[in-house]
Number of protein chains: 2
Amino acid sequence: MVRSDARENRARILAAAREAFAEDDGTSMNRIAQLAGVGPGTLYRNYPSREALILEIYQEEIERLVDAVPVLLAESSPVQALRRWTLDLVAGMRRKHAFGAALSPDTHQSIAARSYGPVIAAITRLLEAGKSDGSIRADAEPVDFLQLTGALWRAAPDRAEPMLALILDGLGSRPSS
Amino acid sequence: MVRSDARENRARILAAAREAFAEDDGTSMNRIAQLAGVGPGTLYRNYPSREALILEIYQEEIERLVDAVPVLLAESSPVQALRRWTLDLVAGMRRKHAFGAALSPDTHQSIAARSYGPVIAAITRLLEAGKSDGSIRADAEPVDFLQLTGALWRAAPDRAEPMLALILDGLGSRPSS
DNA sequence: GTCGACCGCGGAGACCTCTCCACAAGATAC
DNA sequence: GTATCTTGTGGAGAGGTCTCCGCGGTCGAC
């Protein structure tokens, strides 16, 4: 049985976090706990790390992104779709810096199943589309691609597009070594 | 005039930091200050951030890397040289995690002139070699390449090589969009 | 030597992340 | 309604980063 006050607390934390992150992307966990009127212990029991909390908050953003895939694939060639999708993802990461950080480093395997999984699935679908019409090399790996995406996000804004172009060219050519 | 005790302190800090980082890559700044027998204030006045300190420590590593460039270029084709050099860099970053972190994110422009500059110069030289014999596209940007390198470092060890291969293929192909 | 002027010191302290556990407050059984 | 069991609480605290500033040690002038 889930205790009723527990569920309530969780909701309050989420609300507080949403508000806090909206006005300052770098809010401290402390502050969120305080805003939510709970102790740090409670905050951390619900979300064992800052990333976990952030990913929960940006869940909708992720769903939006994932849902866009079929549309893009219907409208453009696989490579174009991948380009547009990736630029969208990077823009999202950039808009909310915390989101980029959470989706990038080592968060992976462990916590992020709910967000990381779908994102990888989306990339997989895009890559598959390209593989089956031959416009993307067969050995392309979704996880690698996401990792490279992290570099785009970290780079200066005006470099994201050229860097992505380079990566896409790399994905297009047949393996050389 | 530089006060004598100041210079001495700086030396002690560096020695302590080298030792501390050697035995634990994640040592706290606190601990280093303590080891060096100075207050945190002094530590931070000399090295305004953790990255600054790390870059100072791994200066030799960087020099080694930079010096290897001409040798590699003499031995192999530009693309091969670039591949070997980059794998070496990534290995270094991985060996000393802190080093990778310091060379990657936003540290750039500001602090890292002494380390960042030479690394970019090395990459520039490698890319130029490839551009002049036509094996690397003319619009390749050293800074972009270093950024992508960060992704290699963050990725799982066994993915670095395939990812690099993909990037190199991208660098080889002529711009498509 | 002696004496200011001033540079650099280092610790106190503000604020952070994250853990641990004595205790309080729901849920359940009767 | 009461007793009991269980789940979750929240704050104290360990350890971190980084800043600020009163005070003491150094250096150049004499």
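First the proteins, then the strands, lettered A, B, ... as listed; each starts at 1. Worth saying up front: this structure is predicted, and the values here are computed from it rather than measured.
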Name the pairs: protein N/O against N/O of nucleotides 23-25 of chain C, kept only if under 3.5 Å.
| residue | atom | partner | partner atom | Å |
| --- | --- | --- | --- | --- |
| C:dA25 | N3 | A:R3 | NH1 | 3.3 |

**Item:** Point-to-point distance, once rounded to the nearest 0.5 Å, from CD1 of B:I123 to CD of B:E128
**Value:** 12.5 Å
**Message:** Quick check for you: to the nearest 0.5 Å, what is the distance between B:I32 atom CD1 and B:R50 atom CZ?
**Reply:** 6.5 Å
**Message:** Just the rounded figure in Å: distance from P of D:dG11 to CE of A:M29.
**Reply:** 17 Å
**Prompt:** Rounded to whole angstrom units, what separation is found between the CG atom of B:L35 and the C1' atom of C:dG10?
**Reply:** 16 Å
**Message:** Without decimals, in angstroms, what is the distance between A:E51 CD and C:dT17 P?
**Reply:** 11 Å
**Request:** Specify the separation, in whole Å, of atom CZ of B:R12 and atom C1' of C:dG8.
**Result:** 13 Å
**Request:** Using a cut-off of strictly less than 4.0 Å, decide whether A:S28 has a side-chain nitrogen or oxygen near OP1 or OP2 of C:dC15.
**Result:** no
**Message:** What I want to find out is whether A:R84 reaches A:E75 closely enough, with some N-O distance under 4.0 Å, to be called a salt bridge.
**Reply:** yes
**Asked** Counting side-chain heavy atoms from C-beta on, which of D:dT17, C:dC16, D:dG8 comes nearest to A:N30?
**Response** C:dC16
**Asked** Hey, are A:R64 and A:E61 close enough for a salt bridge, meaning a charged N less than 4.0 Å from a carboxylate O?
**Response** yes
**Fill in**
Base-pair string, DNA chain C, Watson-Crick plus G-U, cut-off 3.5 Å on both distances, | for inter-strand, is ||||||||||||||||||||||||||||||
**Prompt:** Taking it one step at a time, do B:T149 and B:M93 satisfy side chain to side chain contact (heavy atoms under 4.5 Å, CB included)?
**Reply:** CA-CA 10 Å; B:T149 288; B:M93 287 170 141; 4.1 Å; yes
**Asked** Rounded to whole angstroms, how far apart are CZ on B:R31 and P on D:dA14?
**Response** 19 Å
**Message:** Assess, by modelled atom type and distance only, whether the side chains of B:D169 and A:S176 contain a donor and an acceptor separated by less than 3.5 Å.
**Reply:** yes
**Request:** Compare side-chain N and O positions of A:N9 against OP1 and OP2 of D:dT9 and report whether any pair is under 4.0 Å apart.
**Result:** yes
**Message:** Pair B:L53, B:N46 - check side chain to side chain contact (heavy atoms under 4.5 Å, CB included), show working.
**Reply:** CA-CA 8 Å; B:L53 180 52; B:N46 279 282; over 6 Å; no
**Prompt:** Expressed in angstrom and rounded to an integer, what is the separation of B:Y44 atom OH from D:dG16 atom C1'?
**Reply:** 8 Å
**Request:** Keeping the roles fixed (side chain from A:R18, backbone from A:Y58), state whether a donor-acceptor pair exists under 3.5 Å.
**Result:** no
**Message:** Could you check whether B:R10 and B:Y47, counting side-chain N and O atoms only, form a donor-acceptor pair closer than 3.5 Å?
**Reply:** yes
**Asked** When rounded to the nearest 0.5 angstrom, what distance separates CG in A:D25 from NE2 in A:H97?
**Response** 8.0 Å
**Prompt:** In whole angstroms, how far is the P atom of C:dT17 from the CZ atom of A:R45?
**Reply:** 17 Å
**Request:** May I have the distance from B:N46 (atom CG) to C:dG8 (atom P), rounded to whole angstrom?
**Result:** 10 Å
**Message:** To the closest 0.5 Å, what do you measure between CD (B:E60) and CG (B:D67)?
**Reply:** 11.5 Å
**Prompt:** Could you state the interatomic distance from CZ (A:R31) to OG (A:S28), rounded to the nearest 0.5 Å?
**Reply:** 7.5 Å
**Message:** It should be established whether B:S4 places a side-chain nitrogen or oxygen under 4.0 Å from OP1 or OP2 of nucleotide D:dC27.
**Reply:** yes
N/O-N/O pairs, protein side and nucleotides 11-13 of chain C side, under 3.5 Å:
| residue | atom | partner | partner atom | Å |
| --- | --- | --- | --- | --- |
| C:dG11 | O6 | B:G41 | N | 3.4 |

